[in-house]
Amino acid sequence: MALQFRNSLTKKLEEFKPIESGKAKIYTCGPTVYNYLHIGNFKTFMWGDLLKRYLKYQNYEVTHVMNLTDIDDKIIRDSQKTGKSLSEFTRVYIDSFFEDYDTLGLERADFYPKATEHIDGMVQMVQKLVENGLAYEVDGSYYYKIEAFKDYGQLANIDRDNLKPGERVSSDEYEKESISDFALWKAWEETDGDIFWETEIGKGRPGWHLECSVMSMKYLGETFDIHTGGIDLLFPHHENEIAQSEGATGKKFVNCWMHGEHLIVEGKKMSKSLGNYYTVKDILDKGYSGVVIRYLLISSHYRHQFNFTFKGLDAARESLSRYTDFFSNLESYKGGNNSGGKVADAMATAKMKFEDSLDDDLNISGALAAIFDFIKTINRLKDEDNFDFAEKIDILELMNSFDTVLNFRFSSEGIDEEIEKLIAQRTEAKANKDFTVSDKIRDDLLAQGIILEDTRDGVKWKRKI
Ligand code: AMP
Ligand code: ZN
């Protein structure tokens, strides 16, 4: 099956056809850094991670850009309450964002442009839009003239009869009922305090929508392959990005728009403003690890709403244990008889189902089912000593290739060797009948969440997840 994604622009499932063969250029709307992120935000970044890792698995060379919105209405409002400078205020949330990002095993983007470092490009885009007859100035602010852009509404399916020519909206966020000319550049007002830029188009600051048009095109070119974000960004943010970019360049901005549904709590979107949210740290404090949160967030289809519960986290932890135990049990397996083709068959089926599922608009449930069916088959064969060492290596290779997409074993990177060394020391101490030392090593490892099991194949270890 060919790789297909549902494109919000055409409202169809479409084969992925990169602009440059073998390359994929992706832009993700990043966080607005006025508060700590919640796990709803990370649901959106998580399927972006799945998308990127799967493209890499399919040998695409991926360039990924995620912006940091470090200037907008909310940031100005909240930073002023603290009396801190803009950069001091946002720094705390940017640092915390990256910490959580790593905790969840998300692969870092190639670029994290900050809006405040791209003001020149934004000014140039406003000038270009004025030149093209698509923007105008009122009291030092600049607005986009939506009726002058004939394709306005293509993404959000807006009936052009509903446009309100001449009406203006200044705030960054608004509902469909208020479709009107939106602010590209906001003239300085007293309430902005010392937050402004002196530029060729006057003293002020950019609108939120303008930021993403400028930063995406700077790093990915005027037309690129995929733009991702949560469904709440489809209108007005992404509609306005298209109007700005295409209005400025005259070229198609993005070939494939992908939008994910929300993480919800008791039927409502998890959000900062509703206060019904958990941060990554809140959940770590309850005794769950980053990789369990990762499993939960990745395991539902990106276009489905997903209800967050702690029961769901417990179930994620159990599934993850089955997955990681499979690796550790297999690693210590010394091999039995050759399976006579059974392993090769099971591997071919698993690979086909895994890829067919993800090719089908990132159907993660199908991909996970393929893996767990495979684990079951192999465990059954293993119980009967029914495959040999070379087959075991093939199985591990296949599972490791799946894991480049899922990244469920990232927390073990680097420290595995250390554990193996301690286990060897413990085995030596036991051989020397130095049980004080051997017991101490076992207890120390347990304190780090590593459980040792003495088996007929030697010492095995697993992580308490
Ligand atoms: P923000 O920091 O509000 O700009 O949001 C960053 C990203 O998180 C955007 O793509 C939003 O669409 C997304 N987002 C916000 N809330 C949720 C949620 N409850 N579930 C999934 N994604 C969300
Ligand atoms: Zn954006």
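What you see is a predicted model; the values in this text were computed from it and never measured.
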#### Entry: Side-chain donor/acceptor of E239 to backbone N/O of G153, under 3.5 Å
yes

Donor-acceptor pairs under 3.5 angstrom involving side-chain atoms of residues 27-37: please list them, not counting sequence neighbours.
from : atom 1 : to   : atom 2 : distance (Å)
Y27  : OH     : N67  : OD1    : 3.2
T28  : OG1    : H64  : NE2    : 2.8
T28  : OG1    : T228 : OG1    : 2.9

### Query
Would the F387 and F389 ring centres measure less than 6.0 Å apart?
no

### Point-to-point distance, once rounded to the nearest 0.5 Å, from CE of M258 to CD1 of I226
6.0 Å

#### Entry: Minimum-distance pair of heavy atoms, taken over all atoms of I19 and T223
CD1-O, 3.5 Å

### Query
Can you check whether K351's main-chain N or O pairs, donor with acceptor, with K353's side chain at less than 3.5 Å?
no

### Query
Are the ring centres of Y295 and Y323 closer than 6.0 Å?
no

### Query
Looking at CD1 of I450 and CD1 of I441, how far apart are the two atoms once the value is rounded to the nearest 0.5 Å?
14.0 Å

### Query
Any side-chain heavy atom of I293 sitting closer than 4.5 Å to one from Y278?
no

### Query
Do I26 and D225 have side chains that get closer than 4.5 Å, going by heavy atoms?
no

#### Entry: Single hit among E246, Q244, K218, E241 for side-chain hydrogen bond (donor to acceptor under 3.5 Å, both in side chains) with S213
Q244

### Task
In sequence, state the C-alpha distance, the side-chain angles, and the governing distance for V65 and D110, and then conclude on side-chain contact (heavy atoms from CB on, under 4.5 Å).
CA-CA 6 Å; V65 178; D110 300 283; 5.8 Å; no

### Query
To the nearest 0.5 Å, how far apart are CG in N307 and NE2 in H262?
14.0 Å

### Message
Whether K43 engages the ring of F306 as a cation-pi pair (distance to the six-membered ring centre under 6.0 angstrom, angle to the ring normal within 45°) should be assessed.
### Response
no

### Task
List for me each residue that meets salt bridge (charged side-chain N to carboxylate O under 4.0 Å, His left out) alongside D385, sequence neighbours excluded, and say none if there are none.
none

### Task
Say whether D282 and T279, considering side chains only, have a donor N or O and an acceptor N or O under 3.5 Å apart.
yes

### Side-chain (N276) to main-chain (K269) donor-acceptor, under 3.5 angstrom
yes

#### Entry: Stepwise salt bridge (Lys or Arg N to Asp or Glu O under 4.0 Å) check, D151 with K252
CA-CA 11 Å; D151 290 329; K252 183 160 190 196; over 6 Å; no

### Message
Can you tell me how far apart OG1 (T63) and NZ (K52) are? Round to the nearest 0.5 Å.
### Response
10.0 Å

### Evaluation steps, ring pair (Phe, Tyr, Trp, His ring centres under 6.0 Å), between H38 and F308
CA-CA 12 Å; H38 54 68; F308 172 77; over 10 Å; no

### Shortest non-hydrogen contact from A346 toward T377
CB-CG2, 4.1 Å

### Query
Is the distance between the ring centroids of F354 and F374 less than 6.0 Å?
no

### Summary
In this structure, CH2 of W47 is separated from CZ of F42 (nearest 0.5 Å) by 15.0 Å

### Query
How are the rings of Y54 and Y57 set to each other: parallel, tilted or perpendicular (split at 30° and 60°)?
parallel

### Message
For Y101 and F45, take the angle between the two ring planes, folded into 0 to 90°, and tell me which bin it lands in: parallel under 30, tilted 30 to 60, perpendicular over 60.
### Response
tilted

### Task
Compute whether any side-chain donor of one residue and acceptor of the other, for E222 and T249, lie under 3.5 angstrom apart.
no

### Task
Check whether any side-chain heavy atom of R53 sits under 4.5 Å from a side-chain heavy atom of T404, and report yes or no.
no

### Query
Does a side-chain N-to-carboxylate-O contact under 4.0 Å join D314 and R317?
yes

### Task
State, yes or no, whether a side-chain contact exists between Q58 and L358 at a heavy-atom distance under 4.5 Å.
no

### Task
Could you tell me how the ring of H238 sits relative to the ring of W257: parallel (under 30°), tilted (30 to 60°) or perpendicular (over 60°)?
tilted

#### Entry: Salt-bridge present (D95, R91; N to O < 4.0 Å)
yes

### Query
Less than 4.0 Å between a side-chain N and a carboxylate O, is that true for D285 and K281?
no

### Query
Short question: side chain of S300, backbone of L296 - any donor-acceptor pair under 3.5 Å?
no

### Task
Assign the ring pair H237 / W208 to parallel, tilted or perpendicular, where the plane angle (0 to 90°) is split at 30° and 60°.
parallel

### Task
Using atom types as modelled and distance alone, determine if a side-chain donor or acceptor of D70 lies under 3.5 Å from a backbone N or O of T90.
no

### Query
Should K460 and D325 count as an ion pair when the cut-off is N to O under 4.0 Å?
no

### Query
Does a salt bridge link D78 with K74, judged by any charged N lying under 4.0 Å from a carboxylate O?
no

### Separation of D361 CG from R303 CZ (nearest 0.5 Å)
4.5 Å

For residues 393-401, which side-chain donor-acceptor pairs fall under 3.5 Å, sequence neighbours excluded?
from : atom 1 : to   : atom 2 : distance (Å)
N400 : ND2    : L396 : O      : 3.1
S401 : OG     : L398 : O      : 2.8

### Query
At their closest point, which heavy atom of F182 faces which heavy atom of H209, and how far apart are they?
CD1-CD2, 4.0 Å

### Message
Do S332 and T455 make a side-chain contact, defined as non-hydrogen atoms from C-beta onward lying under 4.5 Å apart?
### Response
no

